[in-house]
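Step one of this worksheet: look at the structure below.
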Amino acid sequence: MSKYSSLRGMPDILPEEAAKFEWIESRAREVFGMFEFREIRVPYLESTEVFTRSIGENTDIVEKEMYTFLDRGGKQISLRPEGTASIVRAYVEHNLSNKADIVKLFYIGPMFRGERPQKGRQRQFHQIGCEIIGASSPYLDADLIMSLKTFFEKLGIKDFTLNINTLGCAEDRKKFASDLSEYFAGHLNGLCENCQRRSTRNVLRVLDCKNPACKEIVKGAPGVAKNLCPDCLDNYSLLKHILHDAGVTYNEKTDLVRGLDYYTGTVFEVSHPSLGAQDALAAGGRYDNLVHEMGGPDVGATGYAVGMERLLLVIKEENYPAVKPGILIIALDEKSHKEAFKLTNKLREAGIKCDMDHSGRSLKGGMRKADKEKREKVIIIGENELASGMVVVKNMVTGEQKSVGFGETVDLLIGENAHG
RNA sequence: GUGGGCGUAGCUCAGCUGGAUAGAGUACCUGACUGUGGCUCAGGCUGUCGAGGGUUCAAAUCCCUUCGCCCACCCCA
């Protein structure tokens with residue numbers, strides 16, 4: 001039992017897992033680079049207002065999940081619970097709209113929410129997100145969704161489902177919400193306790209309640225489609241056409257809603273069956289009013305975030321590349337240890353991955369270690385080698401070994417690596 | 001915040017109707033094999049039985065409290 005442990009929901013990411021993070025991140029950079037998104041790094045801490053204004057004062061995230069505290073100057077600051085707010089803040093602050101009409105950005109990093117941890121959910125978790133700011137063409141939504149699909153394919157993820165829906169523009173949404181409130185008011189008794197509360201406070205959320213009784217009532221609820229203005233309707237059906245033509249299979253899910261206030265119009269979610277209760281791998285949508293609300297130009301925007309920890313749960317072990325260990329250098333006594341260390345450094349200078357056993361264990365011990373670590377080669381240096389000026393290079397796979405002069409070791413190994 | 005499950009060796013777990021030095025497998029170290037790994041065999045190391053308190057002649061085992069982890073609700077990526 002150690003004296004200290006990390007905070008609840010804020011786990012250490014140990015090397016084995018960190019390697020997976022690293023691999024996923026480099027696939028992200030590869031794919032998003034190809035789509036011409038550019039990376040942006042925004043701070044983990046922001047003035048609390050950045051989040052309350054954008055995510056919404058009455059959302060659960062802001063009300064009860066955000067890590068908020070006073071800094072030494074008495075200013076109220078918060079650890080970011082998501083990425084979009086900061087990015088829009090940065091976009092406005094640095095007048096990025098003047099540099100290009102469309103700005104495509106991606107980010108990778110930790111987010112913080114004070115929730116109770118469970119499968120696929122931590123307090124410090126990591127997201128990879130993409131944003132396209134500057135216009136509201138459905139082609140941009142399609143571009144965004146294509147980047148997500150390509151990313152998932154690159155990671156070897158299968159069996160994911162893309163669900164899409166539209167919430168309509170701000171006016172549409174208002175009308176829709178009031179229609180829903182009216183409908184649910186007539187079925188109040190059948191709804192679960194939570195939904196009775198939701199039906200007045202945040203009526204859209206009743207739509208994705210998991211309670212069977214509520215689901216039944218939701219079936220008869222007015223759909224969003226009726227409430228859409230012609231523009232929204234056109235945009236949404238155009239998006240569906242574009243996706244169809246691009247060969248993207250999607251599932252229209254009319255009860256899909258988002259919990260953050262800034263979403264408007266198209267929303268989407270990617271879910272995976274193996275995830276359990278928290279089955280969203282990624283989610284996003286349009287936020288056409290946010291940039292303006294944050295003090296920027298009146299331009300549309302769209303984006304999504306992918307949950308890293310959830311990717312980890314979904315990606316199969318064999319999808320990750322095997323990490324090949326380097327050569328192990330084993331010295332048999334103090335004198336050879338010095339020479340061996342010199343050789344180790346020479347190999348590294350030549351770009352050959354290797355490590356030396358400094359534990360002073362026996363040759364047998366060293367061999368065992370190399371075997372356990374699945375090393376392909378070891379180099380052995382002892383009294384005999386020092387006397388003859390040769391080192392032993394042993395191939396652990398074939399069992400074959402040869403003596404080679406100290407000076408020729410690097411050349412030999414480079415030659416062998418070149419031939420596999 | 002609410003509910004349920006679980007905390008015993010580095011890891012996976014047994015022991016739990018109270019009983020003497022707390023076990024197995026695995027991992028690790030050493031030797032058989034004096035300078036060569038995998039297989040085999042032999043030996044060795046590792047524990048505040050999550051923590052604190054209580055009941056008892058006696059507690060890993062029963063009771064209370066507490067902390068931690070997991071799953072679910074809630075919410076969300």
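Side-chain proximity of A:Met367 to the nucleotides B:rC71, B:rG35, B:rU36 is greatest for B:rU36. In the set B:rG38, B:rA77, B:rC74, the nucleotide with an atom closest to the side chain of A:Ala280 is B:rA77. Proximity note for A:Asn384 (side chain, C-beta onward) versus B:rA77, B:rG38, B:rG35: the nearest is B:rG35. Listed candidates were B:rC76, B:rG35, B:rA77. Nearest to the side chain of A:Ile61 is B:rC76. The side chain of A:Met396 has B:rG37 as its nearest neighbour among B:rG37, B:rU30, B:rA77. In this structure, the nucleotide among B:rA77, B:rG35, B:rU30 sitting nearest to the side chain of A:Ala305 is B:rA77. Of the candidates B:rC74, B:rA77, B:rG38, B:rG38 carries the atom nearest the A:Asp371 side chain, counting heavy atoms from C-beta on. Side chain of A:Gln122, nearest nucleotide from B:rC70, B:rC75, B:rU36: B:rC70.
For the C1' atoms, the distance from B:rG25 to B:rU46 is 15 Å, rounded to whole Å. For B:rC16 and B:rC11, the P atoms lie 23 Å apart once the distance is rounded to whole Å. B:rG53 and B:rC70 have their P atoms separated by 28 Å, given to the nearest Å. Comparing B:rC13 with B:rU2, their C1' atoms are spaced 31 Å from each other, to the whole Å. For B:rU12 and B:rU17, the C1' atoms lie 27 Å apart once the distance is rounded to whole Å. Nucleotides B:rA60 and B:rC41 place their C1' atoms 34 Å apart, quoted to the nearest Å. Going from the P atom of B:rG4 to that of B:rC63 covers 16 Å, rounded to whole Å. Taking atom C1' on both B:rG19 and B:rC62, the two are 14 Å apart, rounded to the nearest angstrom.
A distance-only check finds a donor-acceptor pair linking the side chain of A:Asn319 to the backbone of A:Leu155 [under 3.5 Å]. Formation of a donor-acceptor pair under 3.5 Å by the A:Glu385 side chain with backbone atoms of A:Gly382 is found in this model. Without hydrogens or angle criteria, A:Lys104 side chain to A:Phe35 main chain gives a donor-acceptor distance under 3.5 Å.
Within a 6.0 Å radius of CD in A:Glu383, other residues, nucleotides and ligands contribute 12 heavy atoms or fewer. Atom CZ of A:Arg53 has 12 or fewer heavy atoms from other residues, nucleotides or ligands within 6.0 Å.
Phosphate contact (OP1/OP2 of B:rC76, side-chain N/O of A:Gln278, threshold under 4.0 Å): absent. Close to B:rA77, at under 4.0 Å from its OP1 or OP2, lies no side-chain N or O of A:Arg121.
Following rounding to the nearest Å, A:Asp60 (CG) and B:rA77 (P) show an atom-to-atom distance of 12 Å. Residue A:Lys369 contributes atom NZ, which lies 19 Å from atom P of B:rU36 at whole-angstrom precision. When the P atom of B:rA77 is taken as reference, atom CG of A:Leu275 falls 14 Å away, rounded to whole Å. Here the C1' atom of nucleotide B:rC69 and the CG atom of A:Leu7 are 14 Å apart, to the nearest Å. If you take NZ of A:Lys119 and P of B:rC69, they are 18 Å apart, rounded to a whole angstrom. Summarising the geometry, the separation between NZ on A:Lys372 and C1' on B:rU26 is reported as 13 Å, rounded to the nearest angstrom. B:rC73 atom P lies 14 Å from atom NZ of A:Lys64, rounded to whole Å. Residue A:Gln127 contributes atom CD, which lies 7 Å from atom P of B:rA77 at whole-angstrom precision.
No engagement by A:Gly284 is indicated, since no non-hydrogen atom pair under 4.0 Å with the nucleic acid exists. When heavy atoms are screened at a 4.0 angstrom cut-off, A:Glu82 is found touching no nucleic acid atom at all. Counting non-hydrogen atoms under 4.0 angstrom, A:Gly120 reaches a base of the nucleic acid. Residue-level contact check: A:Glu65 touches the backbone only, with heavy atoms under 4.0 Å from sugar-phosphate atoms and none from bases. Using a 4.0 Å heavy-atom cutoff across all strands shown, A:Leu281 reaches sugar-phosphate atoms only and no base atom.
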Just the atom pairs and distances: protein N or O near nucleotides 2-7 of chain B's N or O, under 3.5 Å.
from, atom 1, to, atom 2, distance (Å)
B:rU2, O4, A:Arg116, NH1, 2.6

Check nucleotides 31-34 of chain B for protein N or O atoms closer than 3.5 Å to its own N or O atoms and list the pairs.
from, atom 1, to, atom 2, distance (Å)
B:rC33, O2, A:Lys364, NZ, 2.9

For nucleotides 10-12 of chain B, tabulate all protein N/O to nucleotide N/O atom pairs closer than 3.5 Å, reporting atom names and distance.
none

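Screening A:Gln127, A:Arg41, A:His126, A:Arg29 for a side chain to side chain contact (heavy atoms under 4.5 Å, CB included) involving A:Ile108 leaves a single residue, A:Arg29. Checked options A:Thr266, A:Val299, A:Thr264, A:Thr302; the residue passing with A:Asp288 is A:Thr264 (criterion: side chain to side chain contact (heavy atoms under 4.5 Å, CB included)).
Pair assignment for B:rG1 gives B:rC73, based on Watson-Crick or G-U wobble hydrogen-bonding distances that are each under 3.5 Å. Pair assignment for B:rA42 gives B:rU30, based on Watson-Crick or G-U wobble hydrogen-bonding distances that are each under 3.5 Å.
Here ring pair (Phe, Tyr, Trp, His ring centres under 6.0 Å) pairs that include residues 368-409 of chain A, with residues two or more places apart or in two chains, number zero.
For A:Tyr287 and A:Glu293, the side-chain atoms include no donor-acceptor pair closer than 3.5 Å.
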Evaluation steps, salt bridge (Lys or Arg N to Asp or Glu O under 4.0 Å), between A:Glu17 and A:Lys20: CA-CA 5 Å; A:Glu17 209 185 353; A:Lys20 295 178 177 177; over 6 Å; no
Stepwise salt bridge (Lys or Arg N to Asp or Glu O under 4.0 Å) test for A:Lys149 and A:Glu153: CA-CA 6 Å; A:Lys149 181 177 181 267; A:Glu153 284 167 354; 3.1 Å; yes
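Partners of A:Arg310 according to the salt bridge (Lys or Arg N to Asp or Glu O under 4.0 Å) rule, which considers only residues two or more places apart in sequence or in another chain, do not exist here.
Between A:Leu328 and A:Met396, the closest side-chain pair of non-hydrogen atoms is not below 4.5 Å.
Near RNA chain B, defined here as any heavy-atom distance below 4.0 Å, there are no residues from residues 315-327 of chain A.
Interatomic distance, CD of A:Glu339 versus CG of A:Asp333, reported as 10.5 Å (0.5 Å rounding). Taking CG from A:Leu96 and CD1 from A:Ile102, the interatomic distance works out to 13.0 Å, rounded to the nearest 0.5 Å.
Looking at A:Glu373, its side chain has no donor and acceptor atom pair within 3.5 Å of the base of B:rG37. On a pure distance criterion of 3.5 Å, no polar donor-acceptor pair joins the side chain of A:Arg8 and the base of B:rC67.
With RNA chain B read from its 5' end, the first of the two nearest nucleotides for A:Pro117 and A:Gly365 is the one closest to A:Gly365.
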